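Any value given below was found using the heavy atoms of this structure, including those in side chains, with hydrogens, waters and symmetry copies removed. Numbering of ligands and ligand atoms starts at 1, following listing order. The structure displayed is predicted, hence computed values, not measured ones.
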Amino acid sequence: MPLVTTKEMFEKAYNGGYAIGAFNVNNMEIVQGITEAAAELNAPLILQVSKGARAYANHTYLMKLVEAAVIETGLPIALHLDHGNSFELCKSCIDGGFTSVMIDASSKSFEENIALTRQVVEYAHDHGVVVEAELGTLAGIEDEVNVSAEDSSYTRPEDVQEFVERTGCDSLAIAIGTSHGAYKFKPGTDPKLRLDILEEVQTRLPGFPIVLHGSSSVPQEFVKMINENGGNMPGAIGIPEEQLRLAAQKAVCKINIDSDLRLAMTASIRKYFNEHPDHFDPRQYLSPARDAIKAMVKHKIVDVLGCDGKA
Ligand code: G3H
Ligand code: 13P
Ligand code: ZN
């Protein structure tokens with residue numbers, strides 16, 4: 001099976017009350033860890049590449065790694081540009097074989113966001129590619145952009161219908177309290193997703209797939225493992241998984257997770273070097289790191305997304 005778009009995946013996810021995991025990829029071990037987990041659980045999958053990942057690993061290398069995963073697993077996999085910030089970047093990924101792109105113009109005015117999103121949608125649809133757009137602003141760090149909690153803003157449900165109608169986008173990322181990165185909330189806070197906003201959006205856009213960014217849960221055992229093995233991460237907590245599960249049962253069809261995989265990989269490598277200070281063969285420390293990513297993705301598929309067995 002070739003790479004697929006998210007169209008059919010999202011229809012099934014919406015009607016089935018589950019969500020598809022969108023995991024960020026940067027190298028071979030990350031692609032393998034994620035796709036082996038999905039294959040063992042027969043789960044549909046979105047692999048996403050940020051602007052930074054593409055600059056780090058090169059478009060062709062990432063493309064070929066993902067194509068290898070499609071051959072090895074036989075799964076429906078969509079290859080998605082995460083946080084595209086210009087028409088040119090989206091066009092380059094569409095021309096280069098991606099099946100889905102995000103144009104993130106959420107920091108622009110409503111009218112500018114519509115105009116840029118519409119431009120990307122026209123080009124993407126002409127090439128059989130689907131488009132995710134964003135309305136509302138998440139807090140946290142993504143690529144070079146750092147948005148403080150004060151500058152973040154929830155999506156206004158009264159805007160979504162006009163935005164979707166005028167842009168023709170295929171899915172919409174909304175801000176309901178999730179946040180990018182590993183430092184989302186201070187320990188002791190009680191993060192609450194605004195599921196009421198999600199429900200209001202769903203009422204106004206029945207059947208339309210909604211996306212959640214910034215959905216890592218920052219598992220404390222990995223932060224602890226990093227700090228016990230020479231790291232120095234400040235305390236922080238993430239999005240409670242049971243709230244993501246509720247969102248997945250509603251209109252949320254795509255849930256983005258990157259930081260939790262970074263934590264699992266880094267914790268594993270730090271532990272490995274602490275236990276084997278004399279080792280220097282990358283295969284020795286990257287094998288358990290790949291296994292740690294695989295275990296994390298399996299947990300997300302079964303306990304958060306609910307998409308196991310849905311490929
Ligand atoms: O939301 C952003 C993703 O976590 C990608 O991060 O731009 O550091 O690759 P990155
Ligand atoms: P996290 O930083 O919470 O993993 O979010 C990732 C993301 O939204 C990628 O677009
Ligand atoms: Zn994001």
Side-chain angles (χ1 to χ4, degrees), residues 6 19-27 29-31 33-34 45-59 61-62 65 78-86 89-90 93 98 100-107 131-147 149 152 155 171-185 191 193 210-220 222-223 233 236-241 243-244 247-248 252-267 292-293 296-297 299-301 304-305:
T6 52
I20 317 289
F23 301 101
N24 289 70
V25 297
N26 298 277
N27 68 17
E29 283 76 12
I30 297 174
V31 171
I34 298 167
L45 193 58
I46 300 167
L47 295 177
Q48 55 187 12
V49 171
S50 70
K51 182 176 168 229
R54 200 160 169 265
Y56 168 78
N58 170 296
H59 179 96
Y61 278 95
L62 289 170
L65 284 172
L79 179 55
H80 174 77
L81 168 66
D82 190 26
H83 293 286
N85 63 348
S86 66
L89 176 58
C90 293
C93 289
F98 282 37
S100 173
V101 293
M102 176 189 194
I103 177 67
D104 180 358
S106 59
S107 61
V131 178
E132 173 187 324
E134 180 166 329
L135 202 51
T137 319
L138 268 68
I141 298 174
E142 74 203 35
D143 266 323
E144 309 99 45
V145 185
N146 188 349
V147 181
S152 65
T155 305
S171 61
L172 184 66
I174 61 170
I176 57 166
T178 61
S179 156
H180 285 109
Y183 304 108
K184 298 187 196 298
F185 307 105
L193 292 187
I210 299 301
V211 177
L212 285 189
H213 282 248
S215 298
S216 279
S217 307
V218 192
Q220 296 300 298
F222 289 104
V223 176
M233 287 189 66
I237 58 171
I239 312 298
E241 290 186 333
Q243 292 187 37
L244 294 168
V252 170
C253 294
K254 173 175 179 274
I255 294 187
N256 287 12
I257 298 169
D258 184 9
S259 296
D260 283 355
L261 306 195
R262 296 178 178 192
L263 289 171
M265 186 168 198
T266 301
I293 288 176
M296 175 67 76
V297 171
H299 160 64
K300 297 290 180 185
I301 287 173
V304 180
L305 302 157

Contact check: D258 vs ligand 1, nitrogen or oxygen atoms, below 3.5 angstrom: yes
Polar contacts were defined as any N/O atom of the residue lying under 3.5 Å from an N/O atom of the ligand; does this apply to N24 and ligand 1? no
At under 4.0 Å between heavy atoms, which part of S215 makes contact with ligand 2: side chain, backbone, both or neither? backbone
If hydrogens are left out, which of S50, G214, G52 has an atom nearest to atom 9 (O) of ligand 1, that is, the closest non-hydrogen atom? S50
Restricting to heavy atoms, the pick from R54, R262, H180, K51 nearest atom 10 (P) of ligand 1 would be R262
Going by the 4.0 angstrom heavy-atom rule, the piece of D82 near ligand 1 is side chain
Pairs of nitrogen or oxygen atoms closer than 3.5 Å, one from G214 and one from ligand 2: do any exist? yes
Output yes when the distance from some N or O of ligand 2 to some N or O of H83 is under 3.5 Å, and no in every other case. yes
Exercise: identify the closest heavy-atom pair between [X] and [Y]:
X: S215; Y: I255; value: CB-CG2, 3.4 Å
X: S216; Y: I257; value: OG-CG2, 3.7 Å
X: R262; Y: D258; value: NH2-OD2, 2.9 Å

Report, in ascending order of atom number, the atoms of ligand 2 lying under 4.0 Å from any heavy atom of [X].
X: I257; answer: 4 (O)
X: N24; answer: 9 (C)
X: H213; answer: 8 (O), 10 (O)
X: S259; answer: 1 (P), 2 (O), 4 (O)
X: Q48; answer: 9 (C), 10 (O)

Below 30° counts as parallel, above 60° as perpendicular, anything between as tilted: where do the rings of H180 and H213 land? perpendicular
Answer yes or no: is there a side-chain heavy-atom contact under 4.5 Å between [X] and [Y]?
X: F98; Y: V49; answer: yes
X: I293; Y: E29; answer: no
X: V211; Y: M102; answer: no
X: L81; Y: L89; answer: yes

Nearest non-hydrogen protein atom, atom 10 (O) of ligand 2: D82 OD2, 2.7 Å
Atom 3 (O) of ligand 2 has as its nearest protein heavy atom K184 NZ, 2.6 Å
With respect to the Zn ion (ligand 3), what is the nearest N, O or S atom of H213? ND1
